[in-house]
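Heads up: the structure comes next, in structure tokens.
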Number of protein chains: 2
Amino acid sequence: MGFLGTVQTGIAYILAFLAPIAGIGGLFYANKIFRDFMTRPTGTDRMRDIALEIEKGAKAFLKAEYTYLAAFVLIVFLLILSSSSLGWQTGISFLLGALCSVAAGVSGMIAATRANVRTTASASENGSADALFVAFSGGAVMGLAVASLGLLGVGILNYMFGGDAATVKHITGFAMGASSIALFARVGGGIYTKAADVGSDLVGKVEASIPEDDPRNPGVIADNVGDNVGDVAGMGADIFESYVGGIIATMAIAATLPIEKIAELTNNFTPDGAETYRMALIGTPLALSLIGLISSLIGIKAMDKLKEADPSDALRKATIYAAAIFLGASLIFFLFSSVAVSVWMAVVSGCVAGVLIGLLTEHYTSGKPVTRIVEASKTGSATNIIGGLAVGFESVAAPLLGICAAILIANYFGGLYGIGIASVGMLATVGVTMSVDAYGPIADNAGGISEMSGLGPDVRKITDELDSLGNTTAAIGKGFAIGSAALTALALFSAFTQAVPEPISVSLTEPLVVVGLLIGAMLPAVIAAFTMTSVGRAAGDMVSEIRRQFKEIPGLLEGKEGVKGDTERCIEISTKAALREMIAPGVLAVVAPLIVGFGLGAEALGGMLAGALVSGVVLALFMANSGGAWDNAKKMIESGDVEGESKGSESHKAAVIGDTVGDPFKDTSGPSMNILVKLMSIVALVIAPMLV
Amino acid sequence: MGFLGTVQTGIAYILAFLAPIAGIGGLFYANKIFRDFMTRPTGTDRMRDIALEIEKGAKAFLKAEYTYLAAFVLIVFLLILSSSSLGWQTGISFLLGALCSVAAGVSGMIAATRANVRTTASASENGSADALFVAFSGGAVMGLAVASLGLLGVGILNYMFGGDAATVKHITGFAMGASSIALFARVGGGIYTKAADVGSDLVGKVEASIPEDDPRNPGVIADNVGDNVGDVAGMGADIFESYVGGIIATMAIAATLPIEKIAELTNNFTPDGAETYRMALIGTPLALSLIGLISSLIGIKAMDKLKEADPSDALRKATIYAAAIFLGASLIFFLFSSVAVSVWMAVVSGCVAGVLIGLLTEHYTSGKPVTRIVEASKTGSATNIIGGLAVGFESVAAPLLGICAAILIANYFGGLYGIGIASVGMLATVGVTMSVDAYGPIADNAGGISEMSGLGPDVRKITDELDSLGNTTAAIGKGFAIGSAALTALALFSAFTQAVPEPISVSLTEPLVVVGLLIGAMLPAVIAAFTMTSVGRAAGDMVSEIRRQFKEIPGLLEGKEGVKGDTERCIEISTKAALREMIAPGVLAVVAPLIVGFGLGAEALGGMLAGALVSGVVLALFMANSGGAWDNAKKMIESGDVEGESKGSESHKAAVIGDTVGDPFKDTSGPSMNILVKLMSIVALVIAPMLV
């Protein structure tokens with residue numbers, strides 16, 4: 001191996017070791033953004049009060065949630081330590097993964113709860129462009145925290161354990177830690193936010209006929225808290241899991257590649273240097289993620305200029321710039337590295353598939369299908385519901401074909417390793433995609449604050465526009481989360497089949513595999529049942545409480561000066577419900593792979609993972625997109641753009657019912673699917689060496 | 001091989017050759033039942049008129065539908081003939097399969113449209129027990145026709161082609177013929193019935209506030225026609241397909257068994273007689289089905305006595321008697337045959353799983369879960385819908401675990417062959433289960449006729465009770481149809497993997513298989529979108545027409561003497577819509593396996609079949625059970641058993657919306673899933689020899 005050869009094999013390895021430093025750099029930059037927008041004005045006392053209440057509620061929930069999770073994490077940690085085949089390294093990785101996920105969630109949520117009121121104030125004092133910038137900056141803290149903590153955590157472990165094939169077995173613990181937190185955060189957050197949302201809407205909008213976000217409604221603060229704990233902290237944990245899951249799965253695949261595969265995937269291969277080349281392949285996902293983080297930073301920085309454009313254009317351009325820079329830079333990386341340039345095509349396929357899924361989601365949740373639901377609303381709620389369900393089912397096809405195309409391309413250019421790399425490629429610029437995504441709930445909160453604090457129609461108009469854009473970005477974010485979860489789970493699945501003591505083929509002609517497949521396909525439906533029932537029950541509690549307050553607190557419903565509802569009681573109800581209801585689905589997701597793996601064997605477990613993957617992705621797309629489409633059908637009628645229809649018309653009432661059904665679909669049950677399939681795959685990967 | 005040995009190997013073979021004779025016998029008995037109840041009274045002129053209108057409408061639809069299908073069948077027939085690897089035998093089998101399916105559907109539907117008015121008349125003249133008997137007799141014609149024509153058709157082909165391993169390749173064409181008819185009949189019938197039902201309800205019950213089945217509503221006759229074309233002819237074609245599909249798949253598996261497997265599955269095995277033993281294994285599914293037909297006849301005959309008991313008990317007992325006799329007689333068969341007695345356990349597992357799925361369906365569609373939906377209706381339609389969807393998702397788990405248990409047991413005792421035998425066991429007593437199932441729409445029609453012809457409350461009470469029981473049996477029938485479709489599809493899938501030139505393993509570590517799995521999992525969602533959109537669109541047409549008639553025909557809405565709505569126009573709308581909308585899903589189901597099979601190869605096609613199977617079964621259970629539960633939640637409120645609630649209350653209105661959403665769920669989209677998975681598997685099996 002000459003000098004060039006050394007550089008070539010070394011570059012991925014070196015970049016992988018630089019990952020923690022890049023992670024620290026990213027965190028510093030996130031902190032700078034945070035300090036910058038913290039100097040912004042915070043508006044009136046009333047606005048500050050409301051913002052503080054939201055922040056307090058969100059912190060209280062996370063504190064309670066993490067107390068539970070600490071116990072769970074501790075138990076699993078001890079179980080890992082006590083297992084002879086896993087060892088302390090996996091235990092430490094698990095702890096670190098859980099810790100990084102919590103840190104990403106908490107920092108993102110603090111930023112969001114500070115940015116919301118400053119967005120409202122900016123809209124009031126400086127206008128739309130500045131408000132957009134503040135909301136985006138709030139989201140950027142989350143985006144950068146997710147990417148940086150992921151790089152930092154995995155990077156440190158990679159460094160600690162040596163960056164070779166033996167390393168990876170331990171690092172899988174990191175993904176499992178991240179995944180455990182994610183499941184509870186997503187499910188708990190999802191139940192919290194929809195219990196509050198559905199509950200306050202049912203009493204407020206439907207029974208008492210007061211507008212959304214009306215300060216008289218004591219459930220409104222809980223609803224705003226919910227946006228932060230569900231759509232910010234929950235979503236962040238979800239994407240964090242995909243991000244590190246994709247990296248780690250790819251490392252795991254590289255660690256078990258047979259020598260002839262290594263030869264195919266690398267240039268200048270000499271058999272005696274195989275393990276060096278393997279280390280380059282192991283380092284590549286970290287190297288790509290490092291490049292992605294830097295590209296994201298550039299995209300985020302570009303918002304300084306972009307904010308003057310149309311808000312929707314600005315967000316789209318920031319994302320596309322980052323993706324383009326990432327693709328260019330990663331091509332350069334492959335040209336200089338010892339990994340074959342053809343593998344770059346896998347990066348491209350993942351990256352393009354991510355963008356495509358986002359666009360498709362936008363179509364189904366704000367394009368022509370929404371008009372069809374609006375039409376159907378004219379004959380009542382039954383046809384509105386049927387129409388929305390049909391749109392949801394229809395929306396499954398195109399994104400799944402996109403994922404299939406990415407799999408085929410990635411596989412063609414890099415085999416199973418290529419599929420892993422595709423998931424890394426899709427998520428590498430997570431810094432900026434997550435920023436755009438977290439922008440949504442911040443803008444939503446900003447709208448709520450301006451309504452509750454009674455700001456003028458000019459301000460409301462700006463915050464409404466930003467909020468409406470946020471709905472679209474949130475829907476896109478959900479599609480992206482599903483797509484990335486699918487690719488990540490597939491990469492984890494592939495890693496699993498190689499990580500068992502004897503590589504398995506998971507053949508569907510084995511009845512045990514078919515049984516696993518059926519059980520796996522069933523689990524997403526069970527989780528959907530759990531979470532929908534939970535939201536229904538928790539919303540019922542909320543309805544009773546708000547009704548009670550309207551009845552027992554004189555002057556509350558009439559909006560008498562100085563009369564305030566007991567918002568804390570509502571927050572408490574959501575918190576308790578979320579914590580109580582997240583346990584069953586969480587435990588099921590962790591325990592199911594253990595039961596099937598140890599009870600029916602590795603092949604059946606493989607079947608189960610595949611079954612859960614396909615059924616989970618189908619249900620996730622169905623639920624997320626029908627929910628988004630119902631939401632926007634309602635908004636379209638409210639906007640007055642539909643002839644003869646407006647707020648309060650019969651069609652609007654039908655559309656409100658569809659929107660309410662869609663709430664748990666898109667924000668609780670749908671997103672839970674992503675985590676379910678990833679978490680089960682990770683648990684399987686961790687226990688793989690112990691299976692027969 | 002001694003004398004005993006000759007008898008042992010011969011018995012399955014002999015019984016298989018007797019199958020056509022048993023089939024003819026069954027048909028004669030069905031004809032006797034038909035002639036018996038045709039002598040019954042037919043009530044008043046008004047009743048006869050209505051019944052005639054229903055019969056005319058149903059016949060007109062079937063005629064139009066079969067004209068389309070004749071063209072489709074002809075094209076496929078010619079394609080098969082022109083294929084060098086399939087040959088004329090497959091072509092003939094295909095034609096015969098299509099013909100038998102049509103014959104079963106037509107005879108069942110004629111019996112049903114004659115039995116309905118006689119049920120009403122019996123209720124009016126002789127009371128409940130006699131009315132039950134007439135309705136059941138009407139169903140029994142269908143049940144016996146399905147079983148007898150299946151045995152006759154497959155039996156004749158088996159006899160013609162020789163009953164050995166080479167035979168089976170040709171017979172698969174029979175299943176494909178049956179399956180093609182089934183798809184269009186189920187989808188077309190499902191769209192017909194729900195367009196009429198949803199359309200008339202939306203205008204009649206919701207807008208004009210007139211009761212269900214009110215003669216003023218011009219859509220009501222179309223609704224009653226729909227029960228016959230959807231729930232009788234469509235359901236019959238569906239079950240016919242499962243029945244022959246299970247038999248043929250098991251024969252196909254036997255035809256490709258390796259010699260050591262034959263040794264395991266047979267007693268007194270000597271290697272030189274392997275092919276003789278194979279013929280015994282090939283004959284066994286036909287022999288079992290013959291035993292099942294005779295058991296069914298005894299169960300049906302028992303109704304002569306059972307009718308005096310509680311109606312629900314009577315139907316249950318007839319089913320259980322037949323199943324018990326079948327299990328006993330088949331044990332005797334195995335004791336005397338050369339097939340190992342342990343294979344009998346596979347029969348038991350299938351038979352028990354079928355009963356279990358029925359009971360579980362009953363629980364979810366009429367037990368405690370329904371009470372939960374009633375509770376949820378109290379806070380409005382949104383919570384009613386959320387509650388119903390949650391019940392649907394929840395109901396997926398237990399039946400799927402039952403199917404898994406059946407697979408594991410059947411596989412343990414007989415490998416892949418055992419799984420095929422389990423599906424045969426589940427369906428062997430189809431003569432009686434299908435009778436109970438077809439009883440439902442007949443009782444429903446009988447209720448409609450008594451309402452429309454203005455019979456007194458005493459008669460209505462009897463027909464209402466029989467109708468309500470029919471709802472439960474229909475729900476059970478749907479569960480059974482799904483369970484049998486799953487096992488049959490699995491058996492067909494197994495046969496497919498062995499029938500390709502080189503047996504394949506369909507390994508999930510192959511990316512192409514994963515891509516197939518994803519595409520397969522997506523297809524049921526696409527079919528659901530198609531069919532729900534179709535029902536929505538067709539119901540919309542119906543709504544416009546009924547509104548027009550109420551507006552333009554003076555005195556119609558007021559119920560003026562002598563004023564009649566244009567029912568024929570409504571029937572035409574349903575007919576046209578059904579024919580137009582059934583094409584896209586039908587073509588997709590046939591073409592998808594061709595594209596994937598010839599485009600991506602046999603392994604990918606295998607993955608697709610598995611993906612469609614699991615996703616299809618999950619969606620089918622979800623849709624059928626949520627639909628059934630919504631329906632019964634509405635009925636529970638109407639019955640007055642819920643405190644403080646009654647027809648017209650807010651909860652009732654919410655429940656009506658849930659019921660309307662559930663209509664296409666349970667009667668159009670859900671049932672389409674069964675056929676989709678079976679048809680694709682059969683197409684795959686037929687083209688298997690041509691794949692690489």
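Just so we're on the same page: letters track the sequence lines, and every chain starts at 1. Nothing here was measured: the structure is a model prediction, and the numbers come from that model.
Only the side chain of L416(A) comes within less than 4.5 Å of a heavy atom in chain B; its backbone stays farther off. Contact of V515(A) with chain B is made through backbone and side chain together, with heavy-atom distances under 4.5 Å. If you measure heavy-atom distances from I386(A) to chain B, the contacts under 4.5 Å come from both the backbone and the side chain. With a 4.5 angstrom heavy-atom cutoff, L517(A) touches chain B via backbone and side-chain atoms both. Both the backbone and the side chain of V661(B) come within contact range of chain A, each with at least one heavy atom under 4.5 Å from a heavy atom of that chain. For a residue to count as touching a neighbouring chain, one of its non-hydrogen atoms must lie under 4.5 Å from one of that chain's; by this rule I403(B) touches chain A with the side chain only. Of the atoms belonging to S494(A), not a single heavy atom falls under 4.5 Å from chain B. For chain B, the nearby part of T383(A) is the side chain; its heavy atoms alone come within less than 4.5 Å. Both the backbone and the side chain of A610(B) come within contact range of chain A, judged by heavy atoms closer than 4.5 Å. Contacts of V514(A) with chain B are made by side-chain atoms alone, with heavy-atom separations under 4.5 Å and no backbone atom involved. Looking at I504(A), only its backbone comes within 4.5 Å of chain B, counting heavy atoms on both sides. Interface residue F665(A): only side-chain heavy atoms are found under 4.5 Å from chain B. For chain B, the nearby parts of A397(A) are the backbone and the side chain; heavy atoms of each come within less than 4.5 Å.
The most heavy-atom pairs under 4.5 Å with chain B, out of M532(A), M522(A), R537(A), come from M522(A). Of the listed residues G611(A), C404(A), G516(A), the one with more heavy-atom pairs under 4.5 angstrom with chain B than any other is C404(A). Between chain B and the options V506(A), D663(A), L400(A), V543(A), heavy-atom pairs under 4.5 Å are most frequent for V506(A). The most heavy-atom pairs under 4.5 Å with chain B, out of S615(A), A528(A), G536(A), come from A528(A). Ranked by heavy-atom pairs under 4.5 Å with chain A, the list T497(B), T533(B), L408(B) is led by L408(B).
Atom-to-atom distance recorded for L202(B):CG and T379(A):OG1 is 6.5 Å, nearest 0.5 angstrom. Taken from CE in M623(B) to CG in L389(A), the straight-line distance is 7.5 Å, to the nearest 0.5 Å. If you take CG on L518(B) and CG on L613(A), they are separated by 6.0 Å, rounding to the nearest 0.5 Å.
The two atoms that bring P511(B) and N411(A) nearest to each other are CG-OD1, 3.1 Å, heavy atoms only. Listed here is the closest heavy atom pair of V618(A) and A521(B): CG2-O, 3.6 Å. For A390(A) against A529(B), the heavy-atom pair with the smallest separation is O-CB, 3.6 Å.
The closest side-chain heavy-atom distance from L401(A) to I519(B) is below 4.5 Å. Contact check for L508(A) versus L508(B): side-chain heavy atoms found under the 4.5 Å cut-off. Inter-residue side-chain proximity for L512(B) and I407(A) is flagged as unmet; no heavy-atom pair is nearer than 4.5 Å.
The aromatic rings of F622(B) and F622(A) lie perpendicular to each other, with more than 60° between the two planes, well past the 30° mark.
Under a 3.5 Å cut-off, the side chain of S507(A) and the backbone N or O of S505(B) do form a donor-acceptor pair.
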